[in-house]
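A short worksheet on the structure shown next.
Chain naming here is simple, since letters A, B, ... match the order of the sequence lines and numbering starts at 1 in each. On a predicted model such as this, the values are computed, not experimentally measured, just so you know.
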Amino acid sequence: MTVILEAHNLVKSYPLGGRSVEALRGVSLSVSKGEFVAIMGSSGSGKSTMLHLLGGLDRPTSGEVVIDGVNVSQLNDEQATLTRRDKTGFVFQFFNLIPLLNVAENVALPFLIAGESLGQHRQRVQELLALVGLEDKAAHRPDQLSAGEQQRVALARALAPEPAILLADEPTGNLDYTTGTEILDLIWDSCDRLGQTIVLVTHDARAAAYADRVLVVRDGSIREEIVLGRRRDHEARALIARLAALGL
Amino acid sequence: MHLAALAWRGLVARRLRTGLTVLGVALGVAVVAGTLLANQAASEAVERAAAQLMGRAELRVRAFDPVGFSPRAITTLRQIPAVLGAAAVAERRLTVSTLPDPRKEDVFSLLLAIGVDAKDEAAIRTYDLEAGAFLTPDSPTDALVNAAWARANGLGLGDQLILTGHREDVPPVRIVGLLGDLGVGALSHGNVLVMHRSTLTTAFEVPAPVTYVDLQLAPGRVEDVQNALDRELTEPFIVETAADAARQLGRAQAGFAGISFVFGLIALLVGAFLVANTLAMTVTERTREIGLLRAAGATRGQVRGLFLRQGIVIGLIGSVLGTALGIGLAALAIGFLRSTRAVLVTGLPLNPLALGMALLMGVAVTAAASTIPAIGASRVSPLDALRSSRQPGRGLWARLRWIVVLEALVLVIGAALYPLERGEFSPLAVVGALAILVAGTGATALLLQPLARMVGRPFEWFFGAEGMLGRANLGRDRARTGLTVGALIVALASVVALGTITESARATADRWVGSILPGGYAIRLGLPVEVDALRSDFEATAGAAVASPIVEFPAVARQGEAPAQEASLAGIDPNVFEATGSLIFVHGDRTTAFRALRDGGAVLVPEPFAGDEMGVGSIVWLSLPGEEEQAFTVAGVIAYTLPARSADGAILLSLADAAERFGATRSSLWTFVPQDGITEGAFQSAVAGKAKSYAGEAISARELASDLGRSIDRLIGLFDVLALLAVVIAALGVLNTLAVGVVERAREIAILRSHGMTIGQVQAMVVSEAAIMGAVGGIAAVATGLLIAWAIVGGSTPRDFGAGLALPWPLLGSVVLIGIGVASLAGLYPARLAARTPITRSIQHFE
Ligand SMILES: Nc1ncnc2c1ncn2[C@@H]1O[C@H](COP(=O)(O)OP(=O)(O)OP(=O)(O)O)[C@@H](O)[C@H]1O
Ligand SMILES: [Mg+2]
């Protein structure tokens, strides 16, 4: 199995009123190509901070991140941005879409940013919209979509450039159970059918149960690694039991 | 803590925005204060100049006859009871030169020589001297010149000047005093030489005529003296009072006050846009917060009060700052005006009334502008606190409606304060122009989308996705963009209108000069000379086809039952004027009119003199004082005529009528028509040579027109600076709007960045947003500005803008470029702000 994402001893501290707060205290991990990894933890444990560092959105105070062979912790902003453009796709909890662009344009955003046109990628955009079941809403504007539909568009957009890794931070946090499940099914499908590597941040065990492997974070470090393996039923009970045993 | 403290905290929390708005208001108020002070300086200068020109004299008795008063008449004047002092003044034009000096180039200059009797003069007038002393009776060769003229020619106290004339043995005069720029020193644009009347008389074969005598009277005896004049003075005369003199001077300055005031208003208008927009943005941004306040029990009135307080604080600080800035601006403007001599000004007057008025207008306009967003804020419902996303608010029209009300208010204030009685343009044209300005701005806000889409194309092509996003951002809050672009339009449109009006005035000046100088060349002599004495010599000028005199003389004109008034007549050769295509007829047929002139008993009257009553076929009664009236038929009304002492200009009749009916046979103005095929340069130097041999001044239509054009340009230059200040204020608005937009869109920018948009791309997006605003503003400003110019030019008399609308093409192009450039420059800071948007934090905290 080729390793596509590696983190070595990541430390992130924020200055706070003269002192500093350590959000991450030495995190190391590695993710293989095609793997689905979930990061779990309670609020304030450092999940988002970790995801931002893994995606090259922010720089660690110390330690390094290697995405698909590129050490992003050593790059300047311009280089880091271009790496992101090539290798990562993001889905956030809410307000992922640019309100000024319609659905198709939002999906094509990575191409537009790269200086290409929607016309050049019409085919791909159609495929992606079909993948998330929104073929007929291509011309809609974000504010004409439900929250679930918005997240599907965000997912389609994150998948558009065929990124090395898809990073999602609580993508279902704002959705009801059924809608959330639909999104998670789509994410899992992309992993299982298309071999997309996925890192998912969540505090919900039922969402984490989609993953092959769950990393449990507490106080800025990884406390536990739970290997679930690829399962079609996404059964959460086993995971919940393990977590309960850990006192979570 | 009181709730009101929130108003203050709101301002402090958004330091950049508050600072920019205060600066905008300050600049607007500065322009108002500056123009008010400059106007004050101009009107004080008129008063002081009038006071200095008349001195202690209450009456000026002017000789009607160009030959001036005889010595006997002067004695008669002195002997009238209640006349305490009389100062006789002789005038003529002459050429002076410096003594030959191998080290320096000789100075040749045509000056208005004023001959005075030192003792009498000193009793009547105190001269404003920059250096040296006034003439003393015992040194007859002393003279005074304008200090600025002396400096320009490298001369100073003690230097000598030769009077060029027909006599060989005239000793040079010595400069003993340098005159300041007010009063006598300002006559003839500072080309003036004050000397002893006795010396002036003996220096030339023809003595300089005594053109007027100023009388100092015992208190309360004006009427007695006027009666005595009618009885005892046998030579024809005209009486002027000190008030008349002041009025005449003031008329020349009137236009300046009106126009500069309009520019003050425009700057303030743009400032009002800025305030309204800034507070409106704050309201949108804080909708949720306001909703929370309302939910917690704050009344509508309290919310409104919060925003009104913010507006008033901005207005107060801005106005105080602006008034101070305005003093500086006025100092610069006054210095500039003094250097151009286009308008008489004194030193900087710190008039508390003008300063107070600027301050008050600043606060009032800001307060008015802030009521709009304040009312908007008071309409926020407590439910808005719960909504997940901000609503950009009600319809576009609902928001713009208030702006229209605000602009109307500014218009009304402006119209009320406009110095009406002094204005040169009709107040209707000014108000109309401002109305077009506001309407054009409003229309642009409505047409913003399609306009921006059109104008944005090249930017999208150039910047790709960034350009497209930049353009799309403009449509996000159309009222906000509309206001921002609107301010830009107001400012740039005034630049366009100004440029177009200037161009039209210049074209008119060309036409004017061309139409009254047949052949395009002329010689002005120092004194009127018998026509027949010079004709053969002038006709012999190399390359001249025709040399034709213009016989100018004063007369009295009466029409119908109206009282007779002073008028200026000029005898012309109808054949020469007809053959050269001179004169522009407003009424009457050209051929018929010239035939009537040749036949005799007919006149051509200038349009302002004709007014509404007089037309072709009307009868005008003309006479010399004390002589019988003669009837003349109006054969035509002409657009332009020769300038003359009377404000309307000269009434034209034939040379034959002038000689036979009025005995007028002396001329100081000769026009020259070149032969076919002679080059312009050769003819010009031939005429110049001839002029020099008679100590006269050579005039060419081309030079005269370009002189006029230059003086128009210089004055307009000042207004351009004022208009550009308004552009700067508008640019502050662009900066403000974009900066707020960037802060509001932090999350969106973060998402773009997380998907691989580089810092450079983010900056390009913001700058292209700014540039599109600038381009839309520039294009709309060209349209609006042309419309304004069209209204003003169309609404004015044909005498001012007879040549119609002339388009300054290079200016129109550069206004669009200025718009793009200024807006892009203003976009740089927001672009930096956008580039610095922290990705992770902006994603976490969505608001
Ligand atoms: N910009 C910052 N400045 C200071 N402290 C920060 C900053 N960002 C995060 N932190 C702190 O770092 C810690 C980890 O934050 P993080 O957002 O990663 O938590 P999380 O696990 O994503 O929580 P949640 O489930 O609520 O999203 C928290 O204690 C937080 O207060
Ligand atoms: Mg988080």
Please report the closest heavy-atom contact between A:Arg84 and B:Ile839, naming both atoms and the distance.
NH2-CD1, 3.7 Å
Would you confirm whether A:Arg157, through its side chain, and B:His755, through its main-chain N or O, come within 3.5 Å as a donor-acceptor pair?
no
Does atom CZ of A:Arg85 have more than 12 heavy-atom neighbours, drawn from other residues, nucleotides or ligands, at distances under 6.0 Å?
yes
Would you mind telling me which of B:Ile759, B:Thr758, B:Leu752 has the largest number of heavy-atom pairs within less than 4.5 Å of chain A?
B:Thr758
Most contact-rich option vs chain B, by heavy-atom pairs under 4.5 angstrom, among A:Asp77, A:Leu112, A:Asp58, is A:Asp77
Give, as side chain, backbone, both or neither, the part of B:Gln761 having an atom under 4.5 angstrom from any heavy atom of chain A.
side chain
Does any backbone or side-chain atom of A:Phe90 lie under 4.5 Å from a heavy atom of chain B? Answer side chain, backbone, both or neither.
both
Any chance you could measure B:Ser754, atom OG, to A:Leu167, atom CG, to the nearest 0.5 Å?
10.0 Å
Indicate whether the side chain of A:Thr81 and that of B:Arg753 have a donor and an acceptor atom separated by less than 3.5 Å.
yes
Any chance NE2 of A:His203 has more than 12 other-residue heavy atoms, nucleotides or ligands included, within less than 6.0 Å?
no
Please flag which part of A:Leu82 lies under 4.5 Å from any non-hydrogen atom of chain B: side chain, backbone, both or neither.
side chain
